[in-house]
There are 2 protein chains.
Amino acid sequence: MVSLTPRAERLLKALIEQYIAEGQPVGSRTLVKQAGLEFSPATVRNIMSDLEELGLVRSPHTSAGRVPTERGYRFFVDTLLAVQPLKALDTTHIEDRLLADQDPQQLIESVSGLLSQVTKLTGIVRVPRRTDVGFLQLDFLALSPTRVLVILVTQDGQVLNRVIHPKRPYSASELQQAANIFNDAYAGRSVDEVRRSLIAALRRDSEDMQQILRSAVEMAHQVFSGEEIGDSPLFVSGESNLLAFPELSNTEKLRRLFEAFTAKQDLLHLLDQSMASQGVQIFIGAESGYEALASCSVVTAPYEVDGQIVGTLGVIGPTRMSYDRVISIVDVTARLLSGALSHGVAG
Amino acid sequence: MVSLTPRAERLLKALIEQYIAEGQPVGSRTLVKQAGLEFSPATVRNIMSDLEELGLVRSPHTSAGRVPTERGYRFFVDTLLAVQPLKALDTTHIEDRLLADQDPQQLIESVSGLLSQVTKLTGIVRVPRRTDVGFLQLDFLALSPTRVLVILVTQDGQVLNRVIHPKRPYSASELQQAANIFNDAYAGRSVDEVRRSLIAALRRDSEDMQQILRSAVEMAHQVFSGEEIGDSPLFVSGESNLLAFPELSNTEKLRRLFEAFTAKQDLLHLLDQSMASQGVQIFIGAESGYEALASCSVVTAPYEVDGQIVGTLGVIGPTRMSYDRVISIVDVTARLLSGALSHGVAG
DNA sequence: CCTGGCACTCGGAAAGTGGGAGTGCTAAGA
DNA sequence: TCTTAGCACTCCCACTTTCCGAGTGCCAGG
């Protein structure tokens with residue numbers, strides 16, 4: 001939409017890079033020196049004035065240099081930024097960290113920590129709990145006469161457990177039998193299907209069922225109706241990295257941000273959006289639409305299992321972040337995670 | 001050790017209470033007015049001078065009022081503080097929150113959130129994973145030809161699971177048989193015992209064993225040797241509450257503190273100490289022995305299951321915290337949690 | 001031993017100052 | 001027409017100065 005002369009583009013790029021590196025408003029003289037431009041500060045001033053009219057930069061005050069606006073960052077990211085591939089060193093570092101951990105669930109959880117360590121920002125990962133996953137097995141174990149441990153296993157290896165308090169005591173063999181009947185009845189169906197059938201079965205007249213299956217259905221229902229299945233938890237790591245940025249150290253802003261990390265609601269919505277599209281997505285400042293994320297940018301990328309997008313990971317930092325580096329890290333991490341997960345499932 | 005005249009005690013108490021409430025150095029005049037003392041500011045000054053010599057208060061500078069020292073807080077907590085019982089309202093609030101959640105593991109986890117919400121400080125809970133707990137059942141489930149899900153259940157209802165990659169593929173019935181043999185062999189022993197026997201069994205010549213048991217032992221070993229059992233995770237909630245305190249907003253201090261929350265190592269050690277003794281324990285400032293906790297106090301209390309201490313919970317806040325309130329909240333929460341857990345196990 | 005009085009100290013807010021970085025504008029040069 | 005040097009101007013920031021008030025310590029009298 002905005003079109004600039006090549007020279008103006010070059011200038012804007014240099015300005016933003018300088019500002020990202022130093023965090024100080026950039027003046028015409030510094031810019032000429034730093035970027036090795038072949039025209040004079042006066043010319044730079046003229047061009048910067050144009051850029052200011054276009055809303056790509058602004059001066060905090062008359063005698064300060066220029067600072068990128070959110071629109072400026074957006075233009076920079078869309079048009080000027082050539083994301084170069086990560087150094088092999090970094091890639092292997094990430095790869096090593098991802099391969100060290102074999103259990104898919106743990107793997108995904110550890111990724112937020114990995115992202116925060118590599119970027120020195122805050123890492124976030126939305127963990128999928130697919131509800132179309134296959135049901136594998138249910139177990140009833142008596143812990144005490146009134147407490148039964150129900151263990152639900154899905155075909156992708158998730159294990160969910162819950163302690164329930166049945167109406168009457170069951171013997172170990174009764175529980176065993178109930179589990180067997182239940183497993184036979186529901187083998188191979190998806191978790192969603194099982195949940196629906198359970199609800200239907202509970203509505204139906206209990207006379208239709210064997211007494212023992214009836215009990216099994218009742219107990220199983222308490223696990224299948226739990227929030228854990230289909231719930232999408234969010235892992236956030238490295239919040240304290242953000243304390244290092246002076247532009248965020250405004251206590252009120254920081255407080256809001258940290259509350260958003262705790263509440264997670266806004267972040268979840270944001271990551272949902274990201275899940276709808278492929279590749280790296282970038283939300284700069286107000287673009288995210290959440291007040292708490294003002295003066296922050298979020299870089300996200302979905303990850304896949306066997307070609308299907310199942311979750312999102314990303315990084316949160318100040319708008320003044322090293323976009324090229326962060327983008328490539330997020331991108332590579334998403335790819336490597338997808339690979340590790342698909343690999344894991346396949347063999 | 002230190003003994004004060006009743007008047008000096010009264011003065012110190014009033015001073016500390018005032019300082020806790022306002023956060024500003026307390027002058028002689030304010031103290032007289034605020035605490036309704038029947039002697040003059042000059043007298044108060046004399047007494048404060050004595051208190052300063054004893055190291056219980058200090059002035060930030062010549063013409064400021066007095067501020068409690070850590071020693072002063074310690075004396076206050078040990079001698080002057082009469083912890084009044086919590087209002088019934090608060091108690092029932094905590095009680096409700098604790099009863100809402102039935103699963104012991106979740107219950108314990110939610111307590112840190114509860115503590116942080118009620119105190120507006122940071123809540124911490126050390127979750128026990130006792131290794132002397134009884135082994136209940138092991139399951140082997142084939143996820144794919146090369147991936148076996150191992151599920152370990154203890155008698156207190158903990159469920160641990162791990163995906164392993166056995167050397168050769170096993171059929172479902174082989175796995176079932178292996179689990180049966182294993183469960184028969186180790187039924188009723190403690191997790192620790194099982195772990196030890198597994199190691200011993202692996203050392204012994206494999207000729208002694210049935211081939212199938214040998215496989216079971218090898219696979220089980222990978223789960224029992226995992227760090228999860230006997231590992232003691234730590235839950236921390238409400239870190240961002242601490243952002244509200246000006247005395248901590250020094251960025252460097254805050255950073256250290258948040259890093260301690262992430263690393264958890266120091267906190268774990270501290271809570272271990274607390275677990276060794278009964279009742280509420282208070283660590284004021286440097287008493288904790290951890291640099292990161294400077295100008296913070298930690299109030300902890302162990303909680304029990306059936307009369308035996310299994311874990312610790314507590315609150316971290318600035319040294320200038322409302323000790324009486326925090327102490328009673330921590331105390332009540334520990335008692336109620338103990339009750340809820342013991343109740344749960346018993347019936 | 002308490003208390004009023006008084007001199008003293010010190011921090012912090014308010015106001016003043018100078019320097020420097022940076023701008024916009026203008027006019028001359030390419 | 002575009003670029004550039006020059007210059008006046010602006011404004012922040014860091015520094016100093018000033019001033020006030022809160023608070024202290026000490027002394028002398030009750």
Side-chain angles (χ1 to χ4, degrees), chain A residues 3-12 14-19 21-69 72 246-247 249-250, chain B residues 3-12 14-19 21-69 72 246-247 249-250:
Chain A
S3 98
L4 298 180
T5 65
R7 206 172 56 172
E9 287 197 352
R10 207 175 126 212
L11 198 69
L12 179 60
L15 189 150
I16 295 184
E17 279 167 357
Q18 174 70 14
Y19 182 72
E22 301 297 334
Q24 297 295 326
V26 186
S28 53
R29 186 162 318 213
T30 343
L31 201 48
V32 169
K33 258 189 275 179
Q34 198 276 335
L37 301 180
E38 67 281 8
F39 31 86
S40 77
T43 312
V44 170
R45 284 203 284 280
N46 289 331
I47 305 175
M48 290 208 293
S49 182
D50 298 343
L51 292 176
E52 187 154 17
E53 264 177 38
L54 290 170
L56 298 171
V57 300
R58 62 184 179 83
S59 351
H61 56 85
T62 326
S63 72
R66 300 306 212 287
V67 160
T69 60
E247 58 259 57
S249 67
N250 171 334
Chain B
S3 97
L4 297 180
T5 64
R7 204 172 56 170
E9 286 197 352
R10 206 174 128 214
L11 197 68
L12 180 61
L15 188 150
I16 294 184
E17 279 166 356
Q18 174 70 15
Y19 182 72
E22 299 297 335
Q24 297 296 326
V26 186
S28 53
R29 184 162 318 208
T30 343
L31 200 48
V32 169
K33 257 189 275 178
Q34 197 278 336
L37 300 180
E38 67 281 10
F39 31 85
S40 77
T43 313
V44 170
R45 285 203 283 281
N46 289 332
I47 304 175
M48 289 209 294
S49 182
D50 298 344
L51 292 176
E52 187 154 19
E53 265 176 37
L54 290 170
L56 298 172
V57 300
R58 63 185 178 83
S59 351
H61 55 83
T62 327
S63 71
R66 300 306 211 289
V67 160
T69 61
E247 57 258 59
S249 67
N250 171 334

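Here is the naming used below: chain letters follow the sequence lines, and residue numbers restart at 1 for every chain. Bear in mind the structure is a predicted one, so any value in this text is a computation, not a measurement.
- One can place CZ of Arg45(B) at 10 Å from C1' of dC6(C), the figure rounded to the nearest angstrom.
- With dT4(D), dG4(C), dT23(C) as the choices, the nucleotide that has an atom nearest any side-chain atom of Asn46(A) turns out to be dT4(D).
- Applying the 4.0 Å criterion to OP1 and OP2 of dG22(C), one finds that Thr30(A) has a side-chain N or O inside that range.
- Spacing between atom CZ of Arg29(A) and atom P of dG24(C) amounts to 14 Å, rounded to whole angstrom units.
- Between dG25(D), dG6(D), dA5(D), one nucleotide has an atom nearer to the side chain of Glu52(B) than all others, and that is dG25(D).
- The minimum heavy-atom distance between Tyr19(B) and Pro68(B), with the atom names listed, is CD2-CD, 3.4 Å.
- Within the structure, every side-chain polar atom (N or O) of Arg7(B) is placed at least 4.0 Å from both OP1 and OP2 of dC1(C).
- Between dT23(C) and Arg66(A), a contact under 4.0 Å exists linking OP1 or OP2 to a side-chain N or O.
- Between Glu38(B) and Ser28(A), the residue anchored closer to the 5' end of DNA chain C is Glu38(B), taking for each the nucleotide with the nearest heavy atom.
- Distances from the side chain of Thr43(A) to the nucleotides dT23(C), dT3(D), dG25(D) place dT3(D) closest.
- In terms of heavy atoms, Leu11(A) sits closest to Phe39(A) at CD1-CE1, 4.3 Å.
- Between Gly65(A) and Pro60(A) the shortest heavy-atom distance is O-CD, 3.4 Å.
- Rounded to whole Å, the distance from CE on Met48(A) to P on dT3(D) is 15 Å.
- Glu38(A) has a carboxylate O that lies under 4.0 Å from a charged side-chain N of Arg10(A), or vice versa, which qualifies the two as a salt bridge.
- Partners of Ala21(A) by side chain to side chain contact (heavy atoms under 4.5 Å, CB included), not counting sequence neighbours: none found.
- In this structure, Leu15(B) places its CG atom 13 Å from C1' of dG23(D), rounding to the nearest Å.
- Distance, Leu31(B) CG to dA22(D) P: 16 Å, rounded to whole Å.
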Show the atom names and distances, to 0.1 Å, of all donor-acceptor pairs under 3.5 Å that link a side chain in residues 46-57 of chain A to residues at least two apart or in another chain.
| residue | atom | partner | partner atom | Å |
| --- | --- | --- | --- | --- |
| Glu52(A) | OE1 | Arg66(A) | NE | 2.7 |
| Glu52(A) | OE1 | Arg66(A) | NH2 | 2.7 |
| Glu52(A) | OE2 | Ser59(A) | N | 3.3 |
| Glu52(A) | OE2 | Ser59(A) | OG | 3.4 |

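- Closest-nucleotide positions on DNA chain C for Pro25(A) and Ala42(A) were compared, and the one nearer the 5' end corresponds to Pro25(A).
- One interatomic measurement links the two molecules: CG of Asp50(A) to P of dT3(D), which rounds to 11 Å at whole-angstrom precision.
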Exercise for the section: Let me have a per-nucleotide readout for nucleotides 10-20 of chain C, 5' to 3', with B, S or -, counting only protein heavy atoms under 4.0 Å. Expected result: BS---------
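- Look at CZ on Arg58(A): it is 16 Å from C1' on dT23(C), rounded to the nearest Å.
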Exercise for the section: Show the numbers, then the answer: is there a side chain to side chain contact (heavy atoms under 4.5 Å, CB included) between Arg7(B) and Thr43(B)? Expected result: CA-CA 11 Å; Arg7(B) 204 172 56 170; Thr43(B) 313; 4.0 Å; yes
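- Here dG22(C) presents its P atom at 14 Å from OH of Tyr19(A), a figure rounded to the nearest Å.
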